[in-house]
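A quick write-up on the structure given underneath.
The analysis underlying the following values was restricted to heavy atoms, covering all of them including side chains, and did not include hydrogens, waters or symmetry mates. These figures come from a predicted structure and were not determined experimentally.
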Amino acid sequence: MCLEDDEQRDLEQRGIVFNIQKYSVHDGPGIRTIVFLKGCALSCHWCSNPESQNPRPELAYNAGRCLELDKCGHCVTACERGAVSRGGDGKPVINRSLCAGCAMPCAEACPAQGLLIYGKQRSVDDVLCSVEQDAAFYSRSGGGMTLSGGEPLLQADFAVALLRQARARRLKTAVETCGMVPATSVRAAAPYLNYVLFDIKHMDSAAHEARTGRPNTRILDNFRILAEEFPDVPILARTPVIPGFNDSEEAITAIAAFLKPFERVLYEMLPYHRLGTQKYHFLGRRPPMGDVALDKTVMARLQRTALDILGARVQIPR
């Protein structure tokens with residue numbers, strides 16, 4: 001097969017994307033466009049992108065935008081499966097168990113975007129056309145495209161094709177990964193990466209599984225693969241600091257000790273926030289973390305703990 005055929009096959013590769021966010025400065029060097037892919041093997045209680053966890057498109061309902069059925073009702077008419085009905089408050093009630101495999105015409109029929117779909121099938125060519133619109137910003141700032149999620153490497157064929165074709169167009173690339181993917185996916189993506197943001201959430205595998213749904217063995221193995229087999233790819237290890245999970249000196253000390261031998265790896269701790277809470281309600285789900293908050297003094301103490309072990313390798317978020 002000739003190179004032109006390989007390129008065409010890449011460009012036609014399709015995946016499920018739920019957002020493309022431009023002008024980000026927190027997900028890799030410089031100004032970046034973040035491409036969010038759906039699907040994640042973890043189910044972290046604190047996830048700020050709950051719409052990313054399910055690999056398939058999902059119907060969401062924003063009650064604040066709904067015109068109510070007395071004034072509208074287009075969603076009920078458009079739904080051929082009877083999944084949308086009238087609630088006692090005059091607003092739609094959605095039986096999401098009937099939505100699997102549906103094109104969700106109710107969302108298209110909604111004039112106020114009270115109903116919306118998280119996730120759309122897009123081609124590599126389509127995504128890169130959007131990413132390239134801001135190429136001038138990337139060249140000036142050292143930025144580029146970041147794949148995020150969910151876990152972008154779960155859609156390995158699509159993600160690798162995106163990365164490969166981005167590099168072919170001289171776009172710098174990065175990935176945000178939780179590491180819970182097959183090692184083959186890590187090795188396939190790494191040659192096309194300029195930067196990796198890799199989450200290390202907890203060193204105790206049982207504690208990790210209790211709050212994310214999966215043990216951490218594969219994650220740590222994949223981190224070692226990246227750090228040892230691909231030494232030219234810069235890595236920023238990151239820990240979301242979560243109340244009641246890893247907001248202790250013992251937990252952060254263990255993570256920093258694990259990272260210490262990897263001398264080129266930088267480290268960043270991210271304070272827990274509740275920015276994704278509203279999206280749980282849009283999906284008809286209850287936020288698992290409730291109303292908990294992270295004490296700023298605790299975060300400051302944990303930063304000092306990491307600095308004592310890793311020194312200048314610790315990055316303090318702005």
Side-chain angles (χ1 to χ4, degrees), residues 1-39 48-49 51-52 57 116-178 181 185-199 226 230-236 238 264 266 268 270 275 315 317-318:
M1 181 175 287
C2 66
L3 291 177
E4 289 82 0
D5 290 338
D6 288 339
E7 179 182 1
Q8 189 60 35
R9 183 173 62 181
D10 272 354
L11 294 176
E12 292 175 356
Q13 187 74 240
R14 302 180 75 82
I16 306 297
V17 175
F18 69 91
N19 190 22
I20 296 180
Q21 177 182 313
K22 298 189 175 186
Y23 311 119
S24 173
V25 294
H26 300 294
D27 301 273
I31 297 172
R32 311 196 70 84
T33 295
I34 312 174
V35 181
F36 291 89
L37 279 61
K38 267 181 78 65
S48 60
N49 289 327
E51 76 277 27
S52 74
L116 59 151
I117 301 171
Y118 286 133
K120 178 182 179 182
Q121 191 175 89
R122 300 184 69 161
S123 69
V124 166
D125 189 39
D126 176 34
V127 171
L128 287 180
C129 284
S130 180
V131 171
E132 283 190 303
Q133 291 172 2
D134 298 306
F137 295 103
Y138 311 146
S139 61
R140 293 171 191 164
S141 68
M145 177 185 75
T146 297
L147 300 188
S148 187
E151 171 47 63
L153 297 183
L154 276 186
Q155 296 189 53
D157 292 342
F158 180 60
V160 172
L162 259 176
L163 294 168
R164 183 164 45 231
Q165 291 307 314
R167 289 291 293 272
R169 300 182 189 198
R170 300 185 182 277
L171 295 172
K172 292 184 177 179
T173 60
V175 66
E176 292 184 294
T177 179
C178 72
V181 295
S185 300
V186 173
R187 291 188 170 104
Y192 307 107
L193 287 167
N194 297 109
Y195 197 80
V196 175
L197 302 103
F198 198 113
D199 277 10
L226 272 173
F230 301 92
D232 295 330
V233 180
I235 300 174
L236 175 64
R238 300 192 301 182
R264 64 186 183 84
L266 302 180
E268 181 178 54
L270 304 172
L275 296 179
Q315 295 192 349
R318 293 183 296 231

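With a 4.5 Å cut-off on side-chain heavy atoms, Leu236 and Val196 do not count as touching.
Residues Phe36 and Phe18 bring their aromatic ring centres within 6.0 Å.
Leu171 pairs in a side chain to side chain contact (heavy atoms under 4.5 Å, CB included) with only one of the listed residues (Leu162, Val131, Asn194), which is Val131.
For the salt bridge (Lys or Arg N to Asp or Glu O under 4.0 Å) test, residues two or more places apart in sequence or in another chain that qualify with Arg169 are Asp125, Glu132. Judged as a salt bridge (Lys or Arg N to Asp or Glu O under 4.0 Å), and not counting sequence neighbours, the contacts of Lys22 are Asp134. Remark: Tyr192 pairs with no residue by the ring-ring contact (aromatic ring centres under 6.0 Å, His included) rule, at least two apart or across chains. For Tyr195, the ring-ring contact (aromatic ring centres under 6.0 Å, His included) criterion is met by no residue, not counting sequence neighbours. With sequence neighbours left out, Arg122 forms a salt bridge (Lys or Arg N to Asp or Glu O under 4.0 Å) with Asp126.
The stretch residues 150-173 participates, sequence neighbours left out, in no ring-ring contact (aromatic ring centres under 6.0 Å, His included) pair at all.
Arg14 places no side-chain N or O within donor-acceptor distance of the main-chain N or O of Val124, the cut-off being under 3.5 Å. Checked by atom type and distance alone, the side chain of Arg187 never pairs as donor or acceptor with a backbone atom of Leu226 at under 3.5 Å. Remark: side-chain polar atoms of Ser141 are paired, donor with acceptor, to backbone N or O of Phe137 under 3.5 angstrom.
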